Amino acid sequence: MTAGGAPKAGRKEWIGLGILALPTLLVALDVFVLLLALPHLSADLGANSNQQLWIMDIYGFMVAGFLVTMGTLGDRIGRRKLLLIGSAAFGAASLLAAFATSPGMLITARVLLGIAGATLTPSTLALITTMFQDAKQRTVAISLWASCFTLGAIIGPLLGGVMLEYFWWGSLFLIGAPVMALTLIVGPRVLPEFKNPEAGRLDLPSVLLSLGSTVPVIYGIKELARDGRQTLPTVVLVAGLVVGVLFVQRQRRLASPLLDVRLFTHARFTAALLSLLAYSLIGGTVMLFMTQYFQAAQRMSPFEAGLGMLPGMAAATVSFAVCPIIARKIRPAYVIGAGIAGVTAVLLTFTQLDADSGTAVLIAGFAVFSFCGAPIVALGTNMVVGTVPPEKAGSAGALSQMSNEFGAALGVATLGTLGLAVYRSDIADTVPAEVPETAADAARDSVAGAAAAADQLPGSLADTLLDPVRVAFTGGLHTVAAVSAVLIAVAGVFFVALMRHVPPIGQEEAAQQEGAEQEQTLAA
């Protein structure tokens, strides 16, 4: 037992955490290796541009659409059972994707991968809360689990580059089969089962409303970010929001809702979710602009761009390990607040870059950005799942992941679009006259278009085109960094103001246990 009265996890639980980390690592790998494989599989399968977009996006749509359902389903039927079912389905869908013979077959496999992937995060987080009841151990466990996303981002481009060098594109999907097989073999031996004994039946209309709200909203945001203001994505987005309102109204009426909206009345829970949303909103956009700058403006290969992100991912991994220890002595709000201050400082530094700054400042800045941002993810996630009743942990885990999905999509749609608008404004009249008109038009549309056009030009003429592109893109980066700095700083001030009373990790539980013991002594 700990000072707080909760039993401490032993060797079995830590081995179980390792098993829970495997699906998380695999999901992160799946995202990053596909970015490298897309050109190869598109050429092999003859996928057109529209099919390529669906191959990339459908996975995220399915994950977002089924997260709430799967989180609640795990609370009802058993979290270990759902995790194992999802792992088996993910492995089978990976095999289907690896040996796909047409774009339609691969899109179908990606749909199945997304549905299976939606079972993994909520089940994993909920099982961690069951296995690690001691607050200090739980925070460490969640931090280690969260670091698997960054490890996947580190390993993904490197492993993908090597496998594409020696094998065919389908080999990247085969990585999932042995990982999920190990989960299925070892999981039942080291993972406990837990389900809500008082859960009612699953409400099918709520499932449909959840799917009908999240998928259209994510789709609408992504399409508007990609193509600008268009009628269909706008209508779909508004329809999704309307369905979302209907979903919330139905949850309020049900005795056993799919999502208990009363969770949002808990200040600590809501503040932590909003901090995760704010960080994912700016974090995804910063990563997008960095990869675009590396590959388009600096003409780096995807593998080289991946290497450029490595220091940042490594820094985040270190921070994930360190911040739970610091939060035992310092209030979590102040640890997160200090991290947000560091993130803000990096973003302000990015506003001072110029077109000739090169990549070193960006790489170093992103490393600091990632180190300072890790406490937001680790401690914020711990607050989300640690402040709800154990029977609601699956739903809380789903909402934690949902905030990341919506934040990333919303960031690209808003901040990304803002940066693109600044780029187009700056590049409009600065393309040299000697650049062919088709290449100039491509450059005026986007930095990716400029890079593709430069590849078709002689060396000196390509440099002539890319010089103003770098200047214009840097202007867009300045705007995105400045707005992001303001947003995350405001979020940090509100979070610290609301959560500054929360004691260091473990002290609250210890105080509660001490009070309970005193009451027992007085009663005796």
Side-chain angles (χ1 to χ4, degrees), residues 35-36 38-39 49 157 161 225-228 282-312 346-369 411-412 414-485:
L35 293 173
L36 297 178
L38 189 62
S49 59
R226 180 183 293 134
D227 300 322
I282 67 165
T285 309
V286 167
M287 288 186 67
L288 172 66
F289 269 71
M290 285 190 64
T291 55
Q292 283 186 335
Y293 184 80
F294 287 156
Q295 296 184 68
Q298 295 295 327
R299 308 188 77 179
M300 297 166 65
S301 69
F303 182 75
E304 290 171 335
L307 289 177
M309 307 294 284
L310 267 179
V346 171
L347 291 170
L348 292 176
T349 301
F350 284 171
T351 66
Q352 304 305 307
L353 296 175
D354 57 44
D356 299 320
S357 296
T359 59
V361 177
L362 269 179
I363 292 172
F366 183 62
V368 178
F369 180 97
V412 172
T414 54
L415 297 175
T417 301
L418 176 62
L420 179 60
V422 173
Y423 166 82
R424 287 175 174 172
S425 175
D426 290 350
I427 196 68
D429 300 320
T430 59
V431 178
E434 59 266 31
V435 175
E437 191 61 28
T438 54
D441 288 341
R444 294 186 186 104
D445 181 66
S446 68
V447 67
D455 289 338
Q456 308 302 317
L457 298 176
S460 59
L461 194 57
D463 291 337
T464 300
L465 171 62
L466 288 178
D467 284 342
V469 166
R470 292 188 186 98
V471 174
F473 188 77
T474 303
L477 176 62
H478 288 170
T479 302
V480 169
V483 175
S484 297

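Note: hydrogens, waters and symmetry copies are ignored here, and every other heavy atom, side chains too, is used. Please read these numbers as outputs of a predicted model, since none were measured by experiment.
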Under the side-chain contact (heavy atoms from CB on, under 4.5 Å) rule, collect the residues that match up with Ile363, sequence neighbours excluded. Phe294, Pro311, Thr359

Compare every heavy atom of Ala443 with every heavy atom of Leu465, then report the nearest pair and how far apart it is. CD1-CB, 3.7 Å

Which residues pass the side-chain contact (heavy atoms from CB on, under 4.5 Å) test with Thr351, not counting sequence neighbours? Ala481, Ala482

Who are the ring pair (Phe, Tyr, Trp, His ring centres under 6.0 Å) partners of Phe369, not counting sequence neighbours? Tyr279

Is there a donor-acceptor pair under 3.5 Å between the side chain of Thr474 and the backbone N or O of Arg470? yes

Provide the closest heavy-atom pair for Val435 versus Ala440 in the form atom of the first, atom of the second, distance. CG1-N, 3.9 Å

Residue list, side-chain contact (heavy atoms from CB on, under 4.5 Å) with Leu415, at least two apart or on another chain: Leu281, Ile282, Thr285, Val480, Val483, Ser484, Leu487

Taken in chain and number order and not counting sequence neighbours, the residues that satisfy side-chain contact (heavy atoms from CB on, under 4.5 Å) with Ala442 are Ala453

Looking only at non-hydrogen atoms, find the nearest pair between Phe366 and Gly312 and report the distance. CD2-CA, 3.8 Å

Nearest heavy-atom approach of Pro436 to Leu461 is CD-CD2, 3.8 Å

Nearest heavy-atom neighbours spanning Thr430 and Pro468: O-CB, 3.6 Å

Distance (rounded to the nearest 0.5 Å) between Leu477 CG and Leu362 CG: 6.5 Å

Under the salt bridge (charged side-chain N to carboxylate O under 4.0 Å, His left out) rule, collect the residues that match up with Glu437, sequence neighbours excluded. Arg444

Does the side-chain contact (heavy atoms from CB on, under 4.5 Å) test come out yes or no for Leu347 and Val286, once each step is laid out? CA-CA 9 Å; Leu347 291 170; Val286 167; 3.9 Å; yes

